[in-house]
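These notes are about the structure you will find just below.
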Amino acid sequence: MTQPIKLIIDTDPGIDDTMAIFYAAGAPDIDLIGLTSIFGNVTTDQATRNALRLLEWAGLHKVPVAQGAAKPRALPAFPPSHNVHGDEGFGTIAAATPQGKMSDESAAAFLVRMAREHKGELVICPIGPLTNIAEALDLDPEFANNVSRIVLMGGSLEEGGNISPHAEANIYHDPHAAERVFASGAKIVMVGLDVTHRILCTAEDFDRLEENAPRLGGLINEMSRFYLHFYTTVGKHDGCSLHDPAAVIACTHPHLFETRAVPIAVSCLGETSGATLLSNDTRASTDVLMRVDAEAVKRQFFKVMNTLD
Ligand code: RIB
Ligand code: CA
């Protein structure tokens, strides 16, 4: 096998974030070298606690967690998405204090240092708002060149939004940060609603996962009930989207997706705020995933998840 990729996940855990992090913990082709926390589904403090708990559940006690920004770059903070992910971010699973401690470094400083130490090799996978990534770009003019690529869950080109008619939630929560990241010149892969809305999982899928991987699969199964219920409240009865796991899988299995290379701009104003749009500025192009072999992504997801515990 080729060497596993070195990966940092920037995350707001979050039920689908949990799935993505457990996937990364079990995937033999991923070397998870850290998590950075960000607000979104929960507050940043909660995201840090949740990230530590997820690593402890997964037995990855040595993987560091660096705490990220507490609020968006220019907008006031949004309330957490308790209706989608539950009060603590884990559906109905109760709060608990993690044993581990977060790192002394900020998320942005950790990202910059890791990108320097693993120059040309580090893949960053942001699955929450892009505030920490924008801060890392500000901190180090070489950051965009030092990373191998940024494979982000967010945005939508043709699919419309999920938090507003125009915007996907991660971009909506900090459009100014997203604008900074898309214009940075880093190699960027956008894993947006154009593909994640095609990858759906049902309660039966998660029941089967629990049978195969009782401990971590059982946790996912319990969390997924809350997540699936939210989907029914917005009229979606055929399953929940594997948003964040799709981004992690796109890091190692790009052949399961079809890509369009286009420059992306972000609306930061008015009712379209958070929309990802085609830009006239051709200096920075993004690989936008437009089509997916959804069955193959699901197969890959459960193949790894079934090996957990
Ligand atoms: O729009 C989907 C994204 O918003 C996912 O990252 C989910 O976890 C939420 O943060
Ligand atoms: Ca997320």
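Sequential numbering from 1 along the given sequence is applied to the chain's residues. Atoms within each ligand, like the ligands themselves, are counted from 1 in listed order.
Atoms of ligand 1 found under 4.0 Å from any heavy atom of Ile127, numbered from 1 in the order shown, are 6 (O). Listed by number with element, the atoms of ligand 1 under 4.0 Å from a non-hydrogen atom of Ala169 are 1 (O), 4 (O). Counting atoms of ligand 1 from 1 in the listed order, those under 4.0 Å from a heavy atom of Met153 are 2 (C), 3 (C), 5 (C), 6 (O).
For the ring pair (Phe, Tyr, Trp, His ring centres under 6.0 Å) test with Phe90, the passing option among Trp57, Tyr227, Phe226 is Trp57; the others fail.
With Leu242, Asn41, Val191, Ile163 as candidates, the residue nearest to atom 9 (C) of ligand 1 on a non-hydrogen basis is Asn41.
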Result block: side-chain N/O donor-acceptor pairs under 3.5 angstrom for residues 160-168, not counting sequence neighbours:
from: Asn162; atom 1: OD1; to: Ala169; atom 2: N; distance (Å): 2.9
from: Ser164; atom 1: OG; to: His166; atom 2: N; distance (Å): 3.1
from: Ser164; atom 1: OG; to: Ala167; atom 2: N; distance (Å): 3.0
from: Glu168; atom 1: OE1; to: Gly155; atom 2: N; distance (Å): 3.1
from: Glu168; atom 1: OE1; to: Asn170; atom 2: N; distance (Å): 2.9
from: Glu168; atom 1: OE1; to: Ile171; atom 2: N; distance (Å): 3.1
from: Glu168; atom 1: OE2; to: Asn170; atom 2: N; distance (Å): 3.0

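Atom NE2 of His253 has more than 12 neighbouring heavy atoms from other residues, nucleotides or ligands inside a 6.0 Å radius. With a 6.0 Å radius and a threshold of 12 heavy atoms from other residues, nucleotides or ligands, Asp238 has its CG atom above the threshold.
In this structure, atom 4 (O) of ligand 1 lies nearest to the protein heavy atom Asn170 OD1, 3.3 Å. The nearest heavy-atom contact from the protein to atom 8 (O) of ligand 1 is Asp16 OD1, 2.5 Å. Closest to atom 2 (C) of ligand 1 among all protein heavy atoms lies Glu168 OE2, 3.2 Å. Nearest protein heavy-atom neighbour of atom 6 (O) of ligand 1: Asp244 OD1, 2.6 Å.
A salt bridge links Asp138 and Arg73; the closest N-O separation between the charged side-chain nitrogens and carboxylate oxygens is under 4.0 Å. A salt bridge links Asp31 and Lys6; the closest N-O separation between the charged side-chain nitrogens and carboxylate oxygens is under 4.0 Å. Between Arg113 and Glu117 a salt bridge is recorded (basic side-chain N to carboxylate O distance below 4.0 Å).
Neither the backbone nor the side chain of Val84 has a heavy atom within less than 4.0 Å of ligand 1. Of all the heavy atoms of Asn162, the ones lying under 4.0 Å from any atom of ligand 1 belong exclusively to the side chain. Contacts between Asp12 and ligand 1 below 4.0 angstrom, taking non-hydrogen atoms only, involve the side chain exclusively.
No donor-acceptor contact under 3.5 angstrom links the side chains of Thr259 and Asp287, judged on distance only.
By the 30° and 60° cut-offs, the orientation of the rings of Phe78 relative to His173 is perpendicular.
The closest donor-acceptor contact from the side chain of Asn41 to the backbone of His85 lies at 3.5 Å or more, if one exists at all. Remark: the backbone N or O of Gly270 is not paired with any side-chain donor or acceptor of Ser273 at under 3.5 angstrom.
Of all protein N/O/S atoms, those under 3.0 Å from the Ca ion (ligand 2) are Asp12 OD1, Asp17 OD1, Asp17 OD2, Ile127 O, Asp244 OD2, and waters are not counted.
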